[in-house]
Q: 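I'd like to ask you about the structure that follows.
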Amino acid sequence: MGLKSVIPSLSDGIAGSICALPPEILKQLNEIRIRKNMPLILVFGKNCLFITKKGKLLNHVSDTAYIVGDEEFDLVFRRLSNYSVHSFIDNLTKGFITGEDGSRIGVCSTAVIKEGSVSSVKEITSLNIRVSNEVKDCARPILNMLYINNFPSIIVASPPAGGKTTFLRDMARLLSGGFNNKYRKVVIIDERNELACKGSNGLSADVGINTDVLTGFPKSVGIEAALRTLSPDIIICDEITKTEEAAAISEGFNSGVKFAVSVHAASKSDLLRKNAVRELISRNEFDYAVMLNDYTNDFEITEVSELRSEIFGNNPSESLLGCGRCVLRRQA
């Protein structure tokens, strides 16, 4: 996982400029943004920086900034798609592909519309490679607060690139690996292959010794399959967005299974506006909402019963179970 697995898919020029950076800088790299005939941009946290061919970072564009030409761009895209664009077409119509290491690549293109829906894409003009990293024990502070005396279901929220996937990956590793002297049966529904990062040689992410992974399944289908055949203690799903996914989760609760799911949300009020989240909260099964604050070491844990009251009445003041230090830092 991480930058090391992304480098082979880049051109020699782009790879050389990035690898010229000091290792302590590379550890903080979150995104590589590549656009046709435009400067190469590297994202570190919230900072977008330019880079020269010799690997010098710039905080402003200049004549020395690395410019990605047409041929170089096309080469990188072919490599990222493993020289088989047609095999990624379903995901490309949704605006992304996923690398073997679990890195998500956003793809900007022109949609080809057929019978009212996107059937294909053309004219690809930009790529955003999100570098996937493991941060061992980043979930431990929250598990210590919530999973010592209980085994709850939780909703994990943060803005995009705020650490949700990293947290869930480590949560699976810990719960299935003997946390609190128990080896839980964990199932990950890895629709976009970002949590467990399955490749031709198996899983490249450490998700634990008692974890099963369903890769590529739509979450609603994967949840049903897990309930029928894998007898999980807990099912972990990344990025719940659809009400049918919430319905599948409800079926899981009826079977006595716990869940840990993530959603995009910049704040608690943003969280409560999302239809899928309101559906989840209304079913009275989730116990806590964990808000990871964007690129800080802070988190907030709120009892879902309080959120339910805010949505459906009484509007009590928020009851924080606790705030603490959570080591959601990007590391190689």
Side-chain angles (χ1 to χ4, degrees), residues 87-88 90-91 94 96 98 100 102 104 139 143 146-147 150-157 164-165 167-264 274-290 304:
S87 64
F88 287 90
D90 287 343
N91 285 341
K94 301 173 185 176
F96 76 96
T98 304
E100 276 206 354
R104 185 189 300 180
L143 295 192
L146 300 182
Y147 286 83
N150 298 290
F151 195 63
S153 292
I154 65 172
I155 300 170
V156 181
K164 297 181 296 296
T165 302
F167 172 85
L168 290 178
R169 183 185 297 123
D170 193 55
M171 180 182 183
R173 181 186 69 85
L174 290 169
L175 289 180
S176 77
F179 177 82
N180 201 26
N181 297 314
K182 295 179 181 179
Y183 293 84
R184 300 287 189 176
K185 294 180 291 182
V186 177
V187 173
I188 293 175
I189 312 301
D190 204 0
E191 184 171 0
R192 295 184 175 183
N193 196 25
E194 293 180 315
L195 277 163
C197 310
K198 184 178 182 180
S200 56
N201 296 319
L203 306 180
S204 61
D206 182 0
V207 293
I209 61 175
N210 199 24
T211 297
D212 298 303
V213 182
L214 292 169
T215 304
F217 287 81
K219 283 182 275 291
S220 56
V221 176
I223 290 169
E224 182 179 358
L227 294 174
R228 286 181 175 179
T229 63
L230 297 174
S231 66
D233 294 320
I234 185 169
I235 294 176
I236 293 178
C237 304
D238 207 4
E239 297 186 15
I240 298 297
T241 60
K242 302 175 182 177
T243 54
E244 57 261 37
E245 294 168 352
I249 290 170
S250 180
E251 287 299 314
F253 284 130
N254 290 337
S255 301
V257 176
K258 300 295 184 178
F259 280 84
V261 305
S262 71
V263 294
H264 285 314
K274 296 181 179 295
N275 289 335
V277 174
R278 293 169 69 92
E279 182 72 15
L280 291 175
I281 291 174
S282 72
R283 294 177 185 271
N284 203 31
E285 296 285 357
F286 281 94
D287 302 289
Y288 301 104
V290 179
V304 169

Q: If we ignore hydrogens and angles and just use 3.5 Å, is the side chain of N91 paired with the main-chain N or O of F96 as donor and acceptor?
A: no

Q: Should E239 and R192 be marked as a side chain to side chain contact (heavy atoms under 4.5 Å, CB included) after you check the CA-CA gap, both sets of side-chain angles, and the distance that decides it?
A: CA-CA 10 Å; E239 297 186 15; R192 295 184 175 183; 3.8 Å; yes

Q: Do you know which two heavy atoms are closest between V207 and S176, and how far apart they sit?
A: O-OG, 3.5 Å

Q: Under 3.5 Å, side chain of D287 to main-chain N/O of S153, donor-acceptor pair present?
A: yes

Q: State the CG-NZ distance between L195 and K164, to the nearest 0.5 angstrom.
A: 11.5 Å

Q: Would you name the heavy atoms of I236 and A172 that are closest together and state the gap between them?
A: CD1-CB, 3.7 Å

Q: Any side-chain hydrogen bond (donor to acceptor under 3.5 Å, both in side chains) involving residues 213-222? Give me the pairs, sequence neighbours left out, ordered by first then second residue.
A: E191-K219

Q: Could you pull out all residues at least two apart from F151 that satisfy ring-ring contact (aromatic ring centres under 6.0 Å, His included)?
A: Y147

Q: Identify the heavy atoms of V277 and V263 that sit nearest to each other, and give their distance.
A: CG2-CG1, 3.8 Å

Q: Go through the structure and list residues passing salt bridge (Lys or Arg N to Asp or Glu O under 4.0 Å) with R278, not counting sequence neighbours.
A: none

Q: Please determine whether side chain to side chain contact (heavy atoms under 4.5 Å, CB included) holds for the pair I281 and I155, giving the CA-CA distance in whole Å, both sets of side-chain angles, and the decisive distance to 0.1 Å.
A: CA-CA 9 Å; I281 291 174; I155 300 170; 4.3 Å; yes

Q: Rounded to the nearest 0.5 Å, what separates atom CG in L203 from atom CG in D190?
A: 8.5 Å

Q: To the nearest 0.5 Å, tell me how far K274 NZ sits from E279 CD.
A: 15.5 Å

Q: Quick one: which residue pairs count as a ring pair (Phe, Tyr, Trp, His ring centres under 6.0 Å) with a foot in residues 223-257, not counting sequence neighbours?
A: F253-F259, F253-F286

Q: Quick check: closest heavy atoms across I189 and P218, and the distance to 0.1 Å?
A: CG2-O, 4.4 Å

Q: Which value, rounded to the nearest 0.5 Å, describes the distance between L168 atom CG and C237 atom SG?
A: 9.0 Å

Q: For A276 versus A246, what's the shortest heavy-atom pair and its separation?
A: O-CB, 4.2 Å

Q: Determine whether M171 and V156 make a side-chain contact, defined as any pair of heavy atoms from C-beta on separated by less than 4.5 Å.
A: no

Q: For S231, what residues pass the side-chain hydrogen bond (donor to acceptor under 3.5 Å, both in side chains) criterion, not counting sequence neighbours?
A: K185

Q: Heavy atoms only: give me the nearest L280-V261 pair and the separation to one decimal.
A: CD1-CG2, 4.2 Å

Q: Applying side-chain hydrogen bond (donor to acceptor under 3.5 Å, both in side chains), which residue pairs with at least one partner in residues 243-253 are found, sequence neighbours left out?
A: S250-R283

Q: Is any side-chain heavy atom of I235 closer than 4.5 Å to a side-chain heavy atom of L227?
A: yes

Q: Among T211, D233, N180, V186, exactly one meets side-chain contact (heavy atoms from CB on, under 4.5 Å) together with L175. Which residue is that?
A: V186

